[in-house]
Amino acid sequence: MYLLEEKIYFWLLLVVPILILLFLGVLIWKKTTQKKFADKDLLKKLSPNQSVFKSILKVILISLALACFVIALVNPKVGTKLETVKREGVDVVFAIDVSKSMLAEDIAPNRLEKSKQLVTQIINNLASDRVGIIAYAASAFPQLPITTDYGSAKMFLQSMNTDMLSSQGTAINEAIELAKTYYDDEEQTNRVLFIISDGEDHEGNVESMAEAAAEEGIRIFTIGVGTTKGGPIPIKRNGIIQNYKKNSQGETVITKLNTTILQEIANQANGTYIDGTSTSAVVDNVTELLQGMDKKEFEAKQFADFKDQFQWFLGAGLLLLFLDIFLLERKTSWVKKLNLFNEQ
């Protein structure tokens with residue numbers, strides 16, 4: 001495991017391409033200026049040992065040295081020890097609808113992206129709770145098991161899309177069934193399931209499944225994403241809308257937020273329905289809900305004893321600069337024989 005202490009210094013890497021562009025500009029200027037004073041053959045006689053290869057090599061060394069210094073400023077740290085720590089929190093599983101109806105843009109930028117934004121902001125406000133992620137359409141798929149690694153959770157979250165599951169539909173019941181396997185029976189933590197969906201085309205007896213989950217101690221909260229007015233489902237290519245999804249009669253399909261089914265699921269599982277329109281309102285609501293729950297103690301493994309690694313990059317940068325000092329721009333005999341740049 002590693003940490004980057006001062007990521008802002010990565011912006012200094014922009015100096016490297018600027019340096020290369022300046023070198024190319026100077027090289028072109030030198031060639032153009034020299035042609036004004038003498039022809040090619042005369043220039044070779046005046047400076048027979050001038051090497052383009054050596055000039056390029058010097059720029060490469062300086063660029064690498066600068067890159068090393070920048071990484072040294074960032075100060076990467078490596079965790080050298082994995083230790084077990086005790087935490088208190090709630091086990092939170094997010095089940096996210098990835099069916100095609102989630103591509104509707106009745107809520108910006110679209111329902112799925114809005115869902116990902118909501119979950120990301122909720123995770124950002126968590127303290128020591130454990131999180132898991134499920135993707136579902138006509139079937140449910142485990143995207144991320146229960147973990148305290150919020151960075152990984154957000155990374156897996158961003159990779160979710162409507163093409164990850166080939167079968168279409170909204171099998172909320174399968175998402176609930178899969179969520180049951182996420183919670184560790186040996187750890188008596190509070191169990192919370194957030195279902196983020198538009199509630200369209202749901203399959204199966206969802207209410208009875210939610211009631212069964214509640215009997216196992218799982219509280220289900222539903223977050224509705226979309227509008228009751230609804231919108232068409234765009235078909236895009238390279239980010240450009242080509243058409244809209246149509247039914248068998250050739251009519252454009254209008255998908256609408258089904259708040260009724262989402263409210264029923266939440267009511268059956270001792271939870272509440274949350275309107276997903278306002279991100280800040282959802283985050284505040286969820287944060288308040290989780291903070292009001294009893295926190296249970298559990299064990300988690302994490303890397304500790306992080307050690308600075310900047311000295312290696314600082315040393316490498318200084319070494320490259322030291323080599324540059326002794327690297328002259330004159331040709332050396334063995335490089336001259338290679339004639340890498342077709343220098344006559």
Side-chain angles (χ1 to χ4, degrees), residues 1 3 79 81-98 112 115-137 139-161 164-165 171-197 209-210 212-223 265-266 269-272 274 282-283 285-304:
M1 185 65 180
L3 291 175
K81 185 172 62 176
L82 190 65
E83 65 179 17
T84 301
V85 296
K86 291 189 178 295
R87 291 186 174 185
E88 288 186 339
V90 179
D91 281 352
V92 182
V93 176
F94 298 98
I96 301 174
D97 187 350
V98 292
L112 180 57
S115 300
K116 290 156 69 170
Q117 289 174 10
L118 291 172
V119 176
T120 298
Q121 292 303 316
I122 292 171
I123 292 174
N124 288 339
N125 280 269
L126 296 179
S128 57
D129 304 300
R130 298 192 295 188
V131 297
I133 300 175
I134 292 171
Y136 73 93
S139 59
F141 175 78
Q143 182 76 352
L144 180 74
I146 285 285
T147 180
T148 54
D149 187 348
Y150 295 162
S152 293
K154 287 185 284 188
M155 181 183 69
F156 278 97
L157 182 66
Q158 293 309 312
S159 67
M160 297 178 70
N161 59 73
M164 60 191 305
L165 295 175
I172 298 177
N173 57 332
E174 291 201 21
I176 296 173
E177 189 66 26
L178 179 59
K180 293 179 182 179
T181 67
Y182 268 55
Y183 306 104
D184 188 348
D185 291 335
E186 296 178 1
E187 305 287 355
Q188 298 302 312
T189 55
N190 276 328
R191 301 168 181 183
V192 179
L193 172 62
F194 285 97
I195 296 175
I196 302 94
S197 174
M209 187 69 71
E215 292 175 358
E216 295 185 28
I218 301 173
R219 294 185 66 184
I220 300 178
F221 297 87
T222 55
I223 301 176
I265 293 170
N270 302 320
T272 55
I274 302 171
V282 172
V283 173
N285 199 340
V286 171
T287 302
E288 185 179 350
L289 284 170
L290 295 178
Q291 288 178 346
M293 295 180 181
D294 293 334
K295 307 293 182 180
K296 300 296 182 179
E297 188 178 83
F298 57 86
E299 292 184 348
K301 293 187 179 294
Q302 66 179 28
F303 280 94

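Between the Asn161 side chain and the Met164 main chain, a donor and an acceptor come within less than 3.5 Å of each other. Judged by distance alone, with hydrogens and angles left aside, the side-chain atoms of Tyr182 form a donor-acceptor pair with the main-chain N or O of Ile133 at under 3.5 Å. When atom types are taken as modelled, the side chain of Arg219 and the backbone of Gly271 share no donor-acceptor pair closer than 3.5 angstrom.
Here the CD1-CZ distance, from Ile220 to Phe194, works out to 11.0 Å after rounding to the nearest 0.5 Å. The CZ atom of Phe156 sits 9.5 Å away from the OG1 atom of Thr147 when rounded to the nearest 0.5 Å. Rounded to the nearest 0.5 Å, atoms OH (Tyr183) and CD1 (Ile218) are 5.0 Å apart. Atom-to-atom distance recorded for Phe94:CZ and Ile195:CD1 is 12.5 Å, nearest 0.5 angstrom. Ile265 CD1 to Phe221 CZ: the interatomic distance, rounded to the nearest 0.5 Å, is 14.0 Å. Distance check: Thr120 OG1 to Met155 CE gives 12.5 Å after rounding to the nearest 0.5 Å.
Looking at every heavy atom in both residues, Lys180 comes nearest to Ala212 through NZ-CB, 4.1 Å. For Lys116 against Gln158, the heavy-atom pair with the smallest separation is NZ-O, 3.2 Å. Contact detail for Ala140 and Ile134: the closest heavy-atom pair is CB-CG2, 4.2 Å. Residue Ala210 comes nearest to Ala269 through the heavy atom pair O-CB, 3.6 Å, listed as atom of the first residue, atom of the second, then distance. Across all non-hydrogen atoms, the minimal contact from Ile176 to Ala213 is CG2-CB, 3.8 Å. The two atoms that bring Asn270 and Ala214 nearest to each other are ND2-CB, 3.9 Å, heavy atoms only.
Each of Thr181, Val93, Asp129 was compared with Ile146 under the side-chain contact (heavy atoms from CB on, under 4.5 Å) criterion, and only Val93 meets it.
Counting only heavy atoms from C-beta outward, the side chains of Val119 and Ile223 never approach each other to under 4.5 Å. Contact annotation: the side chain of Lys154 approaches that of Asn124 to within less than 4.5 Å [non-hydrogen atoms, C-beta and beyond]. Two residues are said to be in side-chain contact when any heavy atoms from C-beta on lie closer than 4.5 Å; Val92 and Ile123 fail this criterion. Annotation: side chain of Tyr136 is in contact with side chain of Asp97 (closest heavy-atom distance under 4.5 Å).
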Next item on the list: Given side-chain contact (heavy atoms from CB on, under 4.5 Å), test Leu144 with Asp149 step by step and report yes or no.
Entry: CA-CA 10 Å; Leu144 180 74; Asp149 187 348; over 6 Å; no
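Note on Arg191 versus Asp91: no salt bridge recorded, every NZ/NE/NH1/NH2 to OD/OE distance being 4.0 Å or above.
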